[in-house]
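Residue numbers start from 1 in every chain, and the chains themselves are labelled A, B, ... in the order their sequence lines are given, proteins ahead of strands. Note: hydrogens, waters and symmetry copies are ignored here, and every other heavy atom, side chains too, is used.
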Amino acid sequence: MNALECRRIQKSFGSVNALCDASLSVRPGEIRAILGGNGSGKSTLAKILGGVVRPNQGEIKLFDKTCSIRSPRHSKRLGIVITSQELSLFTNHTVETNLLMCDIPRSIGVFTNRARVKHVGRQVMDELNLSHLIGKTVAELAANEQYMVEFAKALIQKPKILIVDEITSALYREEVELVKQMLFRLKENGTAVLFISHRMAEIYSICDSVTIMRNGETVATVGIQEKNENELLSMMSGRDVTDVIHSHTGSVATADGPPLLMAPQLRLSRFGTQFDFRVQPGEFVGIAGLQGHGQSDLVRTLFGMRGSVHLKLEGQDLHVSSPRKAVAARMAFISGDREKEGVFSVRSLSENLAAVKELVMGQTGLAADAVLREQGVKFASAKQPIRTLSGGNQQKVVIGRWLVTNPKILLADDPTKGIDVQARLDVHHMLCRLIEKGSSVVFVSSDDEELVQLAHMAPSARILVMYEGKIVRVLTGLDITTENIISASVPRGARFK
Amino acid sequence: GASSNQGTSSQAGNSENVSTAGSGSTPTWGHGKKSGFVIGFANGYFGNTWRSQFVQDVKNAAKPLEADGTIKSLQVANSNADVSQQINQLNTMINSGVDALMIDPVSATSLGPIIAKAKAKGILVVITNDPAAYSGTYAVVGNNDAFWRIQAEWIAKQLKGKGQIVEITGLSGNTADTIRQNAAKDVLSKYPNIKVLASVPGKWDEATAQSSMSTLLSTYKNIDGILEQDVMAEGVLRAYEDANATPPVMTGDYTFGFLRKWKSMPNLNSIAVSYAPGVGADALEFTIDLLKGKKLKSDSLQANPLNPNLKNTILIDPPYVVTKDANPNAPWMKNLKFTKSISLEEAVKLGQGKSDGAALDAFLTQKQVDSFFQ
Amino acid sequence: MFKLVEQQVKRIISVPNKRLRWSIVRNNVYLPSVIASLVLLGLGQVISPGFADFNNIGNILAVASILAIAAVGQTMVIVSGGEGIDLSVGAVMSMGALLGASFIHGEASRLPIAVVLLVLIGAAIGYINGFGIQWVGIPPLVMTLIMTSVVNGFTVAYTKGQPSGAIPKVLLAVGQPIVGPIRWLLVLAIAILVAFGIIMNKTSYGKRLFLIGSNRNAALLSGISVRGTVTVTYMISGVIGALAGLILVGYTGNAQLQMASDYTLLSIAAVVIGGTKLAGGEGTLVGAALGAIVLTMLTSVLVAVGLPQGVRELVQGLTLLLILVAYSRAPRLRQ
Amino acid sequence: MNILKWTTFPVLVLVIVMAVINSVLTPGFLTMSSLSGFLGSYAPLVCAAVGSAVVLFGGGIDISLGSIVCLVNVVFITMQGYGWNVLTSAALAVLVGVGVGALNGFVIGFLRVNPLLTTFSTSSVAAGVALWIMPTPGGQASMDFVTWYNGNWLGIPTPVYFIAVVWLLWLFLSKTPIGIWLYALGCDERKAFASAISVAWLQFFTYVFAALATGIGAIALTGSVGSGDPLVGLPISLNAIAACVIGGISLMGGRGDSFGAILGALFLGLVSTTVLAAHVPPFYQDLVSGVIVLLGVIGSVSLSRKPKLVS
Ligand SMILES: Nc1ncnc2c1ncn2[C@@H]1O[C@H](COP(=O)(O)OP(=O)(O)OP(=O)(O)O)[C@@H](O)[C@H]1O
Ligand SMILES: Nc1ncnc2c1ncn2[C@@H]1O[C@H](COP(=O)(O)OP(=O)(O)OP(=O)(O)O)[C@@H](O)[C@H]1O
Ligand SMILES: [Mg+2]
Ligand SMILES: [Mg+2]
C-alpha cells in the first residue's frame with residue numbers, strides 16, 4: 001500500500017501553470033527526493049499537500065483512502081507535515097512556543113501550559129543538540145538555527161507523511177547529518193518522506209528514490225542508484241548538461257600590482273574583528289565559510305550598509321557611509337534575497353532595470369529589451385511586472401540592473417541562492433564577462449563548489465575563507481579546491497559547537 | 001447656538017426634582033467673600049469665529065474686574081467637543097478651589113454628576129450659551145426662540161402669508177437648533193398658505209449651506225422665500241450666484257460679511273437678527289453679582305428652555321434686529337426686552353474694523369444687568 | 001469622465017473571450033467608480049428631478065474637485081509605501097483656509113504672498129511628518145494623527161480662533177461657473193491633477209517614488225535616497241493640503257477652525273475607491289479623482305433624498321462598505 | 001538593559017513624570033476625590049485603548065471604537081428609558097456594541113477587506129444608528145448607577161473596577177493559546193494560516209473583543225455623563241490608537257502589552273489636565289498638549305524601536 005499517492009495534480013496561479021500534471025506515490029518508510037529546476041512546481045506540490053494551496057484538479061490518496069485536503073489544519077489532522085522553504089516561524093515568539101505552535105498543550109483545558117511547552121520543546125532540541133536555543137526568540141537566531149527549528153517543529157508533530165522543502169541549503173554539514181539521522185529514524189517508524197533539495201550529494205546520501213519535475217510535470221521516478229548526477233540533471237532540465245560539471249584542473253592565476261580596492265583595518269562591527277582587505281583589478285575574490293561567519297557582513301560593510309567605512313578605490317581615499325555613496329563610487333551590490341532586497345515586484349522589467357542607471361546615476365537612454373535579451377531573460381514585454389517572471393529570471397534582471405552601470409567592483413551576497421543549475425550558469429557567465437571587461441567581483445556563496453567553478457572561469461582569483469568574523473585562510477592557485485575550503489571553514493576543534 | 005458644532009439636549013436632562021435655582025434658600029456660594037473670586041470657565045467647543053469672539057468677550061469683561069480685585073483669577077478651558085475632556089476640566093477646576101463655574105456644555109445632559117459634585121462643594125454654577133437644565137444652577141443664555149420667531153414672523157409678513165419657502169436649519173440634534181425650529185413651526189402654523197418645501201440642515205456651515213441650497217435650487221423650480229439661520233446666508237447667496245438666479249426674500253445673518261454684502265445688493269430683501277457672542281460676558285456679570293450675594297428679582301428668572309418646570313434662566317434677547325431701515329414698532333419687534341431695531345447702515349457702521357467673520361455683538365450695560373436684581 | 005467611460009467600455013467589448021472580458025471588468029481599477037457615480041447620478045435624478053441638471057452636476061463636481069485635490073497628496077503618500085498614510089490632511093487644509101484668509105486680509109494683491117507663505121508652512125509640516133516617520137521611526141499613521149492636533153493647535157494659536165479678513169473676489173471666483181457644469185474649481189483641479197500626474201510618471205522623483213513604494217530595501221541598496229524621497233512626498237502632501245485649504249475657503253467664502261477635518265478620511269477613501277492599493281508602489285491620480293466624485297455624488301444623493309442625518313450616515317457607511325467588499329478584498333489565504 | 005527592552009517602560013516613565021508635575025501644579029491632585037474624578041472621565045478611554053491594543057496585536061486596526069461608544073451609550077440610556085433595570089440594559093447595550101465588532105470582524109476576517117477602511121465605514125454605520133435611535137441628546141441613567149460610578153466602592157473609586165474588568169479579560173485571554181496565536185497572527189498572517197491557526201476566526205475575535213472592552217468603557221462613560229448623547233464618544237476613536245502607540249504597541253502587529261495601552265490612555269488624560277493646571281492661555285492649550293503628546297510618542301517610540309531595515 002502507499003502512504004501517499006497523487007494523481008494528475010494541476011494548479012495554476014492566474015496565467016502561470018505551476019503544476020500541470022504531477023503524479024507520484026510514496027510507500028511508508030520511503031524517503032523520496034524531489035528534484036527540479038526553480039519553479040518546476042516542487043514547493044507548490046508541497047503546499048498543496050500541506051493544505052496551503054488549493055489544487056485545480058487531481059486526486060490525493062492517503063493510505064489508499066481518497067481525500068481532499070481542505071486546509072492546513074485538516075492536512076495536519078491527516079498526519080501530513082511540511083517544512084516551508086520560507087520558514088513558518090514567528091520571529092516574535094520564543095523557540096519553544098514556535099515548536100508547539102501547532103498544538104499548544106493546555107492546563108485545565110483552557111490555559112497555555114508554559115511549563116509543558118518548555119519541557120517538550122527541550123526534549124526535541126536536545127536530540128538535535130540545540131537545547132541552548134530554548135528561551136531565545138526566533139529573531140535572535142542565525143539563519144541555519146532557524147531552519148533547524150523549522151525542522152524540529154515538524155518532528156514534534158509526529159508526521160505520518162513529512163515533506164521537507166529545501167531546508168538543508170542553509171545548514172552546516174553537521175546539521176545536515178543530524179537531519180539525516182532524524183529522517184532515518186522516521187523511516188524506521190514507517191513515515192513517508194518527500195525530500196526537496198537542489199543538492200545532489202544530500203539526495204544521494206539520504207534518499208531511496210527520486211522523482212524529477214520539470215515545468216510542473218513529474219517527468220520520471222527512479223531508484224537513486226539507477227542514475228548518476230549528470231543523467232538526473234539532464235532529465236530535470238530536458239537537455240544534455242554534461243558541461244555543467246567542470247573538471248577543475250590546472251592552476252588559477254593570482255593578480256598583483258596596484259590594488260583596485262583597499263580597505264585598511266576594515267571592521268566587522270557584529271564580530272568586533274578588524275583586518276585589511278584588498279581587491280586587484282579584474283580579480284575574482286570568492287568569500288567562503290560556514291553561514292553566519294561574517295561573509296555577508298564583509299560585503300555589506302564594504303557597501304556602506306554598516307555605517308561609514310574608509311576605502312581606497314584606485315588610490316583615491318573615500319568614505320562610504322551609505323549604499324548611495326558606494327553607488328556614486330561605481331560599486332555594485334547584488335543580494336541573494338530577491339524578494340526582500342532585489343526586485344521591485346509590482347513594477348515593470350524596464351523600471352527594475354533602470355533603477356540605478358537612470359534614477360541614481362542620472363544617465364538616460366537605456367534599451368531595456370536589448371539588455372534583457374542579452375542577459376538571456378525569458379520575458380514577453382519589458383512592460384510586464386517583474387513578479388510575473390520566474391525566480392531565476394527575476395534575479396537575472398536584478399543583476400542586469402547593475403551590469404548596465406558597468407561597475408568598477410561588484411559585491412555579490414550569495415546571488416544564486418535557490419536558483420537552478422541553468423539559470424545559475426547564465427549568471428556565472430554574466431559575471432565572467434564583467435571581469436573580462438576589467439571590473440572585479442567579490443562573491444559570497446554558501447556553495448563551495450560554485451566558488452571553485454567561478455575561480456577557474458576567472459582570469460585571476462583568490463578565495464578567502466572566513467570563520468567567526470576573521471579571514472582564516474587565503475586560497476590561491478592550486479589550493480583552490482572544495483576540500484581545502486571545507487577544512488579551512490571549520491578549524492580544528494570547532495567542528496562541533 | 002450658532003457657536004456649537006455639537007448636539008446638545010432638547011430634553012430636560014436634570015435628574016433631581018424641579019426647583020428654582022437658589023431662590024428662596026439662602027445662597028451658600030462665594031464663601032462670604034466680596035471680592036477675590038476664582039472663576040472657572042469651561043468652554044465646550046472651540047472652532048469658529050463666533051465661539052472665539054464669545055471667549056474673547058468673557059476675557060475682556062474680566063479684565064477690569066481683575067484690575068479692581070473683584071476677580072482673583074479666571075481659568076479658561078476649551079475642550080474640542082470632547083465630553084470626557086470637559087468633565088475632566090471641570091473636575092480639575094473644582095479641585096483647584098474655584099468659587100464659581102461658568103460652563104458652555106459640550107452636551108447639555110452630560111454634566112449631572114460633575115455639577116452635583118460642584119454644588120456639594122458650594123460652588124456657584126452658571127450655564128451659558130448652550131442651555132442645559134440642572135436645578136441649583138443658573139443659566140444665562142441667548143433667546144433662541146425669539147431669534148427665529150422674529151425671522152419667521154418677518155418672512156411671513158414679507159410673503160403676505162402666502163408662498164413656498166425652504167428652510168436651511170442648523171445642526172440637527174443641537175438644542176439651539178431644535179428650539180429655533182419649534183419657534184418657526186409655531187409661527188408658520190399661523191400662516192396655512194405658506195408651504196415649507198423642504199427643511200435641510202446646513203450645519204451652520206457656509207459650504208454645506210451652499211451645496212444644500214444648490215441641490216434645492218435644482219430640485220424646486222419656484223422658491224419664494226428662504227428661512228435661513230446664522231452664518232450661512234452668504235453660502236445661500238453664492239448658490240444663487242452660481243445658478244445665476246436672483247435670490248428671493250431671505251433671512252440673513254449677523255456676520256459683518258453678510259451685512260456688507262447685503263449693503264452691496266440694493267434689491268435684496270432681507271433681515272439680520274443678532275445672536276450676540278456677548279452672552280458669555282453677560283453671564284460673567286451675573287456670576288459676579290450672584291457671588292457678591294445679590295438677590296435676583298423673583299420675576300427675573302424664566303423657565304429653562306430645556307425644562308419648563310425649572311425656573312433658573314435669564315434669557316438674553318437678541319440685542320439688534322437689522323432691517324434695511326430701522327423699524328422699531330414692526331409686528332416682529334413685539335415683547336422683546338432691550339432689543340434695538342437698527343438700519344443696515346448703522347449695523348455696517350458698527351462693524352468698522354471688524355473682520356467679515358465677526359458677529360454683530362453687544363453686551364448688557366451694568367444698568368440693564370442691575371435691573372434683574374433686587 | 002464620460003470619455004473615460006467610453007474608453008473603458010470600448011476596451012471591454014473589444015475583448016473576444018467572455019471569461020477574459022469579465023476578468024477585465026473585475027480587475028479594471030477605474031470601472032467600479034465610473035459605474036458607481038453614473039448609477040448614483042441616475043438614482044439622484046429619479047429621486048429628485050433636476051438632480052442631474054448642469055448646475056447641480058457643476059456643484060457636485062466643484063465639491064469633488066476640492067476632495068480630488070486633497071487626494072492628490074494622499075495618493076502620493078500612499079504610493080510611497082511603508083504603511084504610508086497622511087491623517088493630517090484635514091487639519092492642514094483647515095489651517096490653509098484660516099491662515100490663508102488672514103494672510104490675504106481682504107486684499108487680492110496679497111494673494112501671491114499668502115500662497116507663498118502657505119507653501120512654506122505646508123512644506124514645514126510635511127517635513128516634520130517626514131522627519132518623525134523616517135528618522136525617529138514613528139509609524140506614519142500615528143505621526144500624522146498626532147500632527148493633526150499639533151496643526152489644529154497651531155492654527156488656533158495663530159488666528160486666536162478669529163479668521164480675519166474677507167475673501168477677495170479672485171479667490172471666490174473658483175466657485176463660479178464657466179460653461180455648463182464646468183467651474184474654475186474643476187479646471188484648477190484638472191490642472192493640478194495633470195501637473196502631478198506628470199511629476200509622478202515622468203520625473204525621476206516620481207519614478208523613485210514608485211520604486212520606493214514597491215520595495216524600500218531594494219531601493220536603498222540601489223542607492224536611491226529613500227528618506228529624502230519619502231520626506232519630500234510628505235512635504236508635497238502638506239503643501240497641497242495647505243493650498244487645497246485656500247481653495248476651499250475660496251469656495252465656501254468663510255473659514256472655520258477644523259472646517260476640513262472630514263477631508264482626512266474622505267481623501268483616503270477616495271484614493272482606495274480609485275483602485276490604489278494601501279500597500280504602496282502602485283496608484284493613479286485619475287482613480288483618486290473618480291473616487292472623490294463617487295463619494296461626493298453619494299453624499300449629495302443622500303441629501304436629495306432628505307433622510308434624517310442618522311439614517312444618512314448609516315446608508316453612507318453601508319454603501320462604502322459594499323464598494324470595499326466588492327472591489328478591494330485581499331487575496332484568499334488559501335490560494 | 002532588560003527593562004529598556006520592556007515596551008511599556010517608556011510610557012511608565014512618562015505617566016510618572018506627568019503625575020508628579022500635576023501634583024506639583026495642583027496640590028489637590030493626588031487626593032482621592034480628584035483622582036476618582038480623573039479616572040472617572042478617562043476610564044472609558046482606557047477600556048477602549050485595551051480593546052484597540054488587542055486588535056493591534058493581531059496586526060489590525062479599529063477606528064470605529066468611538067462610534068461604538070456612542071451606540072452603546074445611546075442604547076443603554078434608551079433601554080433604561082423603557083424602564084429596564086441597569087444591569088439588563090447595560091448587558092444589552094454592550095451586546096449591541098459587540099454586534100458592530102462582529103460586523104468589523106466578519107468583513108475584515110472573512111471578506112478580507114482592509115481594516116482601516118472597513119472600520120472607517122462601520123464607524124459611520126454605528127454613529128448613524130446611534131443618531132437614528134437618539135437624534136438629540138437626552139434621557140438619563142438611573143441615579144443609583146450614576147452615584148455609584150462617581151463614588152467609591154469598597155473604598156476604591158468605582159471606575160477602577162471597570163478598568164480592572166477589562167484588564168482581567170485581557171489577562172485571561174493572554175494566558176490561553178489565543179494569546180500566543182494573536183501575536184503569531186500579528187507577526188505574519190500567512191505563516192499563521194500555514195501553522196493551522198484559523199486566521200479568519202482569530203481576526204473576527206479580536207474585533208469582537210475590542211468592541212466588548214469598548215462597550216464596557218461606554219457603560220463607564222454613561223456613568224460619568226449620566227445621560228445619552230449620540231456624539232459623546234467620537235473622540236475616543238483615534239485617542240485609543242494614540243494611547244496604544246504611546247504605550248509602546250506597534251502598529252505593525254505582534255509587539256506590545258495591554259498594560260502599555262492603559263498607561264498611554266492615562267497619559268493623554270494627564271496631558272489635558274496638566275495644560276489646564278499650568279494655566280496655559282486657552283488659545284495655546286491645543287498646541288501645547290499636541291506638542292507634549294508628540295514628544296511623548298517620540299520618546300516612547302525611540303526608546304522601544306526595532307532595528308532599521310537594512311542591516
Ligand atoms: N503564489 C504564487 N502566485 C503566482 N505564481 C506562483 C505562486 N507560487 C508559485 N508560483 C509559480 O509557480 C511555479 C512553481 O513555483 P514553485 O515555488 O513550486 O517552484 P519550486 O519548484 O519550489 O522552485 P524553487 O526550487 O525555486 O523552490 C513558478 O513559476 C512560480 O513562479
Ligand atoms: N508569480 C507569478 N505570477 C505570474 N506569472 C508567473 C509567476 N511566477 C512565474 N510566472 C511565469 O511562469 C513562467 C515559469 O516560471 P518558473 O518559475 O517555472 O520558471 P523557472 O523554470 O523557475 O525559471 P527559473 O529557473 O529562471 O526560475 C515564468 O516564465 C513566468 O512568466
Ligand atoms: Mg523559479
Ligand atoms: Mg520551492
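If you measure heavy-atom distances from D:Leu25 to chain B, you find no contacts under 4.5 Å at all. For a residue to count as touching a neighbouring chain, one of its non-hydrogen atoms must lie under 4.5 Å from one of that chain's; by this rule D:Asp286 touches chain B with the side chain only.
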Quick one, D:Ser41 with B:Asn91, criterion side chain to side chain donor-acceptor pair (under 3.5 Å). Give me CA distance, side-chain angles, the key distance, then yes/no. CA-CA 9 Å; D:Ser41 38; B:Asn91 188 54; 5.7 Å; no
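In this structure, the side chains of B:Ile87 and D:Ser224 come closer than 4.5 Å at one or more pairs of heavy atoms. Residues D:Leu45 and B:Ser84 fail the side-chain proximity criterion, which asks for heavy atoms closer than 4.5 Å.
The residue among B:Val76, B:Val55, B:Ile94 with the most heavy atom pairs within less than 4.5 Å of chain D is B:Val76. Your options are B:Asn43, B:Asn95, B:Asn88, and the one with the most heavy-atom pairs under 4.5 Å with chain D is B:Asn88. Most heavy-atom pairs under 4.5 Å with chain D: of the set B:Met93, B:Gln75, B:Gln86, this distinction falls to B:Gln75.
Summarising the geometry, atom CG belonging to D:Leu276 is positioned 9.5 Å from atom CG belonging to B:Leu90; distances are rounded to the nearest 0.5 Å. Here the CG atom belonging to D:Leu234 is positioned 9.5 Å from the CG atom belonging to B:Asp82, to the nearest 0.5 angstrom. How far CD of B:Gln85 is from OH of D:Tyr42: 5.5 Å, rounded to the nearest 0.5 Å. Taking OG of B:Ser110 as the reference point, atom CG of D:Leu231 lies at 11.0 Å (rounded to 0.5 Å).
Heavy-atom contacts from other residues, nucleotides or ligands closer than 6.0 Å to CH2 of D:Trp167 number more than 12. Annotation: B:Lys354, atom NZ; neighbour count of heavy atoms from other residues, nucleotides and ligands within 6.0 Å is above 12.
In terms of heavy atoms, D:Pro282 sits closest to B:Lys59 at CG-NZ, 3.7 Å.
With hydrogens and angles disregarded, a donor-acceptor distance shorter than 3.5 Å links the side chain of D:Ser227 to the backbone of B:Thr109. For B:Asn78 (side chain) and D:Gln285 (main-chain N/O), no donor-acceptor pair under 3.5 Å exists by modelled atom type.
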